[in-house]
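From a predicted model like this one, the values you see are computed outputs, not experimental measurements. A note on names: the letters A, B, ... follow the listed sequences, proteins ahead of strands, and every chain is numbered from 1.
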Protein chains: 2
Amino acid sequence: MTARTSTDTAREIPEATVARLPVYLRALTTLSESGTAVCSSEDLAAAAGVNSAKLRKDLSYLGSYGTRGVGYDVDYLRYQIAREMGATRDWPVVIVGIGNLGHALANYSGFRSRGFRVVALLDADGQRHGEVVAGVVVRPFDDLAAIVHEHGVAIGVIATPAASAQDVADRMVESGITSILNFAPTVLNVGDHVAVSKVDLSKELQVLAYHEQRKATAEEAAKASAAQEPA
Amino acid sequence: MTARTSTDTAREIPEATVARLPVYLRALTTLSESGTAVCSSEDLAAAAGVNSAKLRKDLSYLGSYGTRGVGYDVDYLRYQIAREMGATRDWPVVIVGIGNLGHALANYSGFRSRGFRVVALLDADGQRHGEVVAGVVVRPFDDLAAIVHEHGVAIGVIATPAASAQDVADRMVESGITSILNFAPTVLNVGDHVAVSKVDLSKELQVLAYHEQRKATAEEAAKASAAQEPA
DNA sequence: GCCGTTTTGTTCTCGCGTTCACAAACTCAT
DNA sequence: ATGAGTTTGTGAACGCGAGAACAAAACGGC
Ligand SMILES: NC(=O)c1ccc[n+]([C@@H]2O[C@H](COP(=O)([O-])OP(=O)(O)OC[C@H]3O[C@@H](n4cnc5c(N)ncnc54)[C@H](O)[C@@H]3O)[C@@H](O)[C@H]2O)c1
Ligand SMILES: NC(=O)c1ccc[n+]([C@@H]2O[C@H](COP(=O)([O-])OP(=O)(O)OC[C@H]3O[C@@H](n4cnc5c(N)ncnc54)[C@H](O)[C@@H]3O)[C@@H](O)[C@H]2O)c1
């Protein structure tokens with residue numbers, strides 16, 4: 001017998017699909033807020049900016065939550081995706097490095113509304129201690145272990161300069177954090193059991209610049225060859 | 001005759017490779033600063049956090065800049081990658097939406113050091129006009145077209161709420177911007193000739209939360225099955 | 001000048017992800 | 001009830017990227 005358990009989270013969902021589920025979630029929320037009760041895969045795909053076949057295949061990994069000939073019940077599907085993603089529960093988060101970026105992150109309401117609760121803001125700089133950002137007080141970095149233990153924090157955010165990032169990551173892992181979102185432009189070395197997600201803003205700009213440059217040189221090449229062989 | 005032009009930028013570089021070149025660039029800079037003159041693909045791959053075979057293949061798309069039996073000249077390779085990426089020239093950039101995130105971006109020195117020059121900060125809110133952030137004054141959003149024209153801006157950054165993002169993008173495209181970095185959690189509809197890169201911070205956290213959730217349920221399942229069949 | 005050593009550049013294979021295309025399943029009108 | 005019209009869920013084909021493996025090239029010692 002190969003019957004699934006009641007919670008039914010055993011299936012392997014491809015990584016590429018997991019990365020898109022938050023986008024679908026957001027699109028469904030928008031649709032729901034605009035009063036749409038049911039939508040087709042075509043509609044949702046358009047809202048999420050993907051191919052409808054891809055959307056249907058992605059959703060099929062979660063289960064069969066649509067109705068053929070009709071479409072998907074927006075709220076029902078939204079709940080199913082949220083449950084699968086772990087978005088139905090609250091995730092305590094600590095942010096380390098309350099500089100420019102740390103302030104912005106602490107003030108960002110979008111985290112809260114998606115189930116992430118900032119339980120602590122930590123900084124190594126004593127000057128910053130005691131400052132209140134978005135209702136949370138900045139505390140010494142050394143309080144990390146105690147806070148992680150107290151709140152059962154699994155997710156940590158690093159917004160320190162690159163030079164400190166590896167140290168901070170080590171301390172986070174020591175304290176029991178198993179998922180890290182890293183904004184510092186450094187490769188972090190951590191154990192296999194720790195998940196690291198890196199966001200590199202400069203990288204994104206550099207990729208855009210590359211394509212701009214390519215466009216420019218391509219145009220130039222076209223012009224040159226047009227000038228050379230207008231035979 | 002299929003001889004290449006002198007600038008030799010005609011080759012198609014895979015998108016996955018382009019996304020890694022900035023990482024190599026950063027790793028090379030770090031190596032150079034630490035006084036390393038020559039490095040092997042193994043060394044550089046370790047610094048960049050990738051497989052050495054992948055690194056060599058990536059570099060091979062740019063040309064043959066290494067020496068067999070020796071390795072790569074750090075500064076030479078760095079220059080070659082920088083040239084290919086368009087990082088040797090200056091890219092004027094405008095940031096629209098000077099709220100929490102916009103402030104952090106404007107203050108970020110990492111953009112400047114990688115060849116991106118913030119030529120203007122724009123906001124629709126009159127209250128913010130005149131404020132000086134990182135030496136640049138915040139101006140009305142309506143100045144966009146004039147600024148783009150004056151400085152030849154190709155790249156725009158959107159840091160407004162999601163509700164305004166599409167409008168801002170439309171105005172950017174109208175003004176002549178052809179590459180957009182979007183921080184608002186919305187899908188932007190733009191013409192094919194415009195490149196859009198989206199950074200979605202909540203998404204990253206949600207993916208981490210998913211894996212945390214999976215780890216938790218997997219452990220539970222293992223415990224349950226261990227309890228059921230300790231035969 | 002030749003041989004062993006090192007390390008690059010490239011070829012080959014495999015697996016994942018995307019997309020097409022269609023059968024199955026559902027609704028609605030008659 | 002039945003058939004026409006929709007829309008989902010999925011099997012199959014395809015293309016791209018990752019990684020292993022190796023041949024070609026450079027260096028150094030003798
Ligand atoms: N500001 C941006 O928009 C932006 C954009 C892209 C990337 N980043 C990256 O994000 C990181 C932070 O950028 P920022 O502009 O906020 O820098 P910042 O200098 O304003 O802030 C860094 C903060 O980290 C604290 N810190 C330093 N070492 C620490 C340690 N060991 N433990 C705890 N706290 C420590 C500092 O006291 C400071 O408050 C950097 O790595 C930067 O490259 C920032
Ligand atoms: N703050 C963060 O750390 C963070 C994290 C992730 C995503 N984001 C996203 O980044 C965006 C900005 O976030 P924020 O926290 O800085 O918001 P914010 O409200 O602090 O700032 C938004 C700014 O945009 C301006 N604005 C609004 N409409 C505009 C328009 N049509 N033209 C020009 N300017 C306009 C507002 O006046 C305001 O100054 C949001 O979409 C948010 O979802 C922010």
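- Not counting sequence neighbours, the partners of B:E15 by the side-chain hydrogen bond (donor to acceptor under 3.5 Å, both in side chains) test are A:H211.
- In summary, contact between chain A and DNA chain C, defined as any nucleotide atom under 4.0 Å from a heavy atom of the protein, begins and ends at C:dG17 to C:dT27 in the 5' to 3' direction.
- In summary, the aromatic rings of A:Y65 and A:Y76 are positioned with their centroids under 6.0 Å apart.
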Discussion item. Pairs counted only when both distances fall under 3.5 Å, Watson-Crick or G-U: show me the 5' to 3' dot-bracket for DNA chain C, [ ] for pseudoknotted crossings and | for other-strand partners.
Written reply: ||||||||||||||||||||||||||||||
Please write out the pairs of protein N or O atoms and N or O atoms of nucleotides 18-22 of chain D separated by less than 3.5 Å, giving the distance to one decimal.
{"unit_1": "D:dA18", "atom_1": "OP1", "unit_2": "B:R20", "atom_2": "NH1", "d": "2.8"}
{"unit_1": "D:dA18", "atom_1": "OP2", "unit_2": "B:R20", "atom_2": "NH2", "d": "3.0"}
{"unit_1": "D:dG19", "atom_1": "OP2", "unit_2": "B:K54", "atom_2": "NZ", "d": "3.3"}
{"unit_1": "D:dG19", "atom_1": "O6", "unit_2": "B:K57", "atom_2": "NZ", "d": "2.4"}

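- Non-hydrogen atoms lying under 4.0 Å from DNA chain C are contributed by nothing in residues 30-45 of chain A.
- Smallest separation of non-hydrogen atoms from B:V194 and B:S179: CG1-N, 4.4 Å.
- Remark: side-chain polar atoms of A:N107 are not paired, donor with acceptor, to backbone N or O of A:A104 under 3.5 angstrom.
- In terms of the side-chain hydrogen bond (donor to acceptor under 3.5 Å, both in side chains) criterion, residue partners of B:Q166 (sequence neighbours excluded) are, by chain and number, B:D170.
- Checked against side chain to side chain contact (heavy atoms under 4.5 Å, CB included), B:T30 has no partners two or more places apart in sequence or in another chain.
- Residue A:R89 places its CZ atom among more than 12 non-hydrogen atoms of other residues, nucleotides or ligands, all under 6.0 Å distant.
- Residues meeting the side-chain hydrogen bond (donor to acceptor under 3.5 Å, both in side chains) test with B:N182, sequence neighbours left out: none.
- An OP1 or OP2 oxygen of D:dT6 is reached within less than 4.0 angstrom by no side-chain nitrogen or oxygen of A:Y72.
- Between the side chain of B:T67 and the main chain of B:V70, no donor-acceptor pair closer than 3.5 Å is present.
- The main-chain N or O of B:V118 is never found under 3.5 Å from a side-chain atom of B:W91 such that the two would form a donor-acceptor pair.
- With rounding to whole Å, A:Y61 atom OH is found 17 Å from D:dT8 atom P.
- Results of the side chain to side chain contact (heavy atoms under 4.5 Å, CB included) test with B:I95 over B:L105, B:V119, B:I158 single out B:L105 as the only residue that passes.
- Residues passing the side-chain hydrogen bond (donor to acceptor under 3.5 Å, both in side chains) test with B:T36 are B:S34, sequence neighbours excluded.
- The two residues A:K198 and A:A184 make their nearest non-hydrogen contact at CE-O, 4.1 Å.
- Residue pairs that meet the salt bridge (charged side-chain N to carboxylate O under 4.0 Å, His left out) test with at least one member in residues 25-36 of chain A, sequence neighbours left out, are A:R26-B:D200.
- Residue A:L62 contributes atom CG, which lies 14 Å from atom C1' of D:dT8 at whole-angstrom precision.
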Give me the distances for all protein-to-nucleotides 23-28 of chain D N/O pairs that come in under 3.5 Å?
{"unit_1": "D:dA24", "atom_1": "N3", "unit_2": "B:R68", "atom_2": "NH1", "d": "2.7"}

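- With sequence neighbours left out, the side chain to side chain contact (heavy atoms under 4.5 Å, CB included) criterion links B:S197 to A:E204, A:L208, B:L181.
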